[in-house]
Amino acid sequence: MARLAREHGAGLLLGLAFALWPALAAALGLEWSLELAARILIYALAAGALNLVLGYGGLVSFGHAAFFGAGAYVVAILAYHDMVLGPVAIAGLEIPGTSDAWIAFPLAVLVAGLLALVIGALSLRTNGLYFIMITLAFAQMIYYLFVSLPDYGGEDGLSLFARSSLRPLELDDNLAFYYLCLGLLALLLAAKALVVRARFGWALMGIRDNERRMTALGLPTFRYKLAAFVLSGAVTGLAGALIANLTEFVSPAFLSWPVSGELLVMVILGGIGRLYGPLYGATALLLLEFALKEWSEHWQLALGPILILVVLFARGGLAGLRRPRGAGHG
Amino acid sequence: MVSPLLLLEQTLNGLQFGVMLFLIAAGLTLVLGIMNLVNLAHGSLYMVGAFVCAWAARESGSFLIGLIAALPATAAVAVVVELLVVRRLYARDHLDQVLATFGLILFFNEATKMIWGARPLRLDLPAFLNGTVEILPGAPYPAFRLTVIGVGLAVALGLYLLVARTRLGMLIRAGASNREMVSALGVDIDRLYTLVFALGAALTALAGALAGPIYAVEIGMGETVLIPVFVVIVIGGIGSIRGAFVAALLVGLTFVLGRAFLPGLFELFLGPSAASTLGSALSAMAIYILMAAVLIWRPRGLFPPHG
């Protein structure tokens, strides 16, 4: 019990706060804050996926915007074909669009996962700085691909006419959508906790700390890293599907490299390789951005130095403030 | 059919873009190779150079004065940034460096907006550079772009001589291959790092000032160019000036020639609308495809300096 409280106490408390927030917000007349809270949960989901490769695998991907944006575009393009363009004919088959989340969300996960499989298979041949840059290059390819697709809005992006329908849940209801985000985040955090405790997680951390030793032990390290990368990309795609539904709009901005940077910032700010780190990081960064925006239009003048100070003086991120890092990230 | 004159003009445009990329990449690849520092804010120094040049040129009425003001001003900004922030990052891992220099970008963009406003600045050319030169009979080409190519090639040569023939260059090369040994031999490594950082900033400011009359002087111009510059560095091999030079010309030519000719090339096989969509998509992706291909073929770039 004590161990459970120590390891999960703060994270579960924050989760509980998110679960109770809609009731509290309604009582205080802060219903507008649900959108911000949902955005935090979605980014926490994506940052959590990034944390699997970054924190446990030691792989600095600077291209996760590709998977985030791909998930968002799958939902938007399917809805666009459903509402506006009509079915596509591919190889004599008429494929209709859809606004059904039961089809669109799994497809978003599948497409993002396949993309991660291709990008990962090619990128994982490099390491260190070259890995950072090649993942960035692939994300930029996807970005420019969508910028130059006029059928799907090009630079202007696509508007969704409504949120996807997830019968029996009505996602146009903000409360239902909020709890869907929270539920998915809880589910995937639990899954991640299991995965990193299993053989797979230990192997991944072993590769992070000393890949040559793991190879010598007979571990197929490339396959482990690739599997983690694909899992990570697929879950990031799910977060993308959710963000498209939250904003009811997608544009190449979701695929742009500052999004990859923001996700990295969230992971580092919250605590690399910590289960709840991304949730802390997403909450802190988005709340900070929100508060600074209220304070001044020149909010980035303050956010920049804050990030620098965090790097210089708060190593281990927010999760590291409570206790020193355990088995350190190498 | 593609006319030879158009091909010549676009090739020169590609060279001009390439040498600009080289001016920016040279400093960044040295900082990466020697100090092992990923500096995302290098693009901000390029922006500072362009803004100082545009502002000083407007106030004084002379582009040359703007150019002369931009170099030391940007180098001074770089020294302050190095002493306050960057110096503390050399010993950190790449992730911390990415995050902190990302913070620097936010700061520089906002500070520039507060000083010079959100609207792009105009940078007018002096009359003697504003005309065209007939490179071949009946083929006029902007004199300024030719000047950029000339300046870029001259700087590349100067930098080569500096690195290969001088004491400072020897220390730079030694620092890149074994920094502990260099400092053990009694070289003030902190001062060397500050100097290299400022030198890189001055080169990127030169690129920013030269870019002003061709592209827009605006907030965020540093990030637009930063990513192609990283592509150059990675293709060339991190820390290699020679690699950066070859890769910069390769990337510049790929970018410009791809954009100019790929849509037309696809029209030979496809309908006009499909060709223009596919052509423009592929030409925008071309330099990233080039980089991925090079890395898959040679995971440490074309000229890895450490063998």
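Both backbone and side-chain heavy atoms feed into the values below; hydrogens, waters and symmetry mates do not. Fair warning: this is a prediction, and the values are worked out from it, not measured in the lab. Residue numbering restarts at 1 for every chain, and letters A, B, ... go by the order of the sequence lines.
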Given a strict heavy-atom distance threshold of 4.5 Å, which part of [X] is in contact with chain B: side chain, backbone, both, or neither?
| X | answer |
| --- | --- |
| A/L264 | side chain |
| A/I132 | side chain |
| A/L136 | side chain |
| A/V265 | both |

- Query: Which of parallel (below 30°), tilted (30 to 60°) and perpendicular (above 60°) describes A/W257 and B/F102?
  - Reply: perpendicular
In terms of ring plane angle, is the pair B/Y288 and A/Y144 parallel, tilted or perpendicular, where the classes change at 30° and 60°?
parallel
Which bit of [X] is near chain A, if near means a heavy-atom gap under 4.5 Å: side chain, backbone, both or neither?
| X | value |
| --- | --- |
| B/I227 | side chain |
| B/L32 | side chain |
| B/V231 | neither |
| B/I287 | neither |
| B/L282 | neither |

Without swapping roles, check the side chain of [X] against the backbone of [Y] for a donor-acceptor pair under 3.5 Å.
| X | Y | result |
| --- | --- | --- |
| A/E211 | A/T221 | no |
| B/R87 | B/V81 | no |
| B/D93 | B/D96 | yes |

Chain B: which of [options] shares the most heavy-atom pairs with it under 4.5 Å?
| options | answer |
| --- | --- |
| A/L129, A/V60, A/I142 | A/L129 |
| A/R125, A/H298, A/M133 | A/H298 |
| A/I306, A/L312, A/L303, A/L145 | A/L312 |
| A/V147, A/V310, A/T126 | A/T126 |

Sequence neighbours excluded, the answer for salt bridge (charged side-chain N to carboxylate O under 4.0 Å, His left out) partners of B/R259 is none
query = Does a sphere of radius 6.0 Å around CH2 in B/W55 hold more than 12 heavy atoms from other residues, nucleotides or ligands, not counting ones at 6.0 Å or beyond?
reply = no
Donor + acceptor pair across side chains of B/E223, B/Y46 (<3.5 Å): no
Contacts satisfying ring-ring contact (aromatic ring centres under 6.0 Å, His included) that involve residues 123-142 of chain A (not counting sequence neighbours) are none
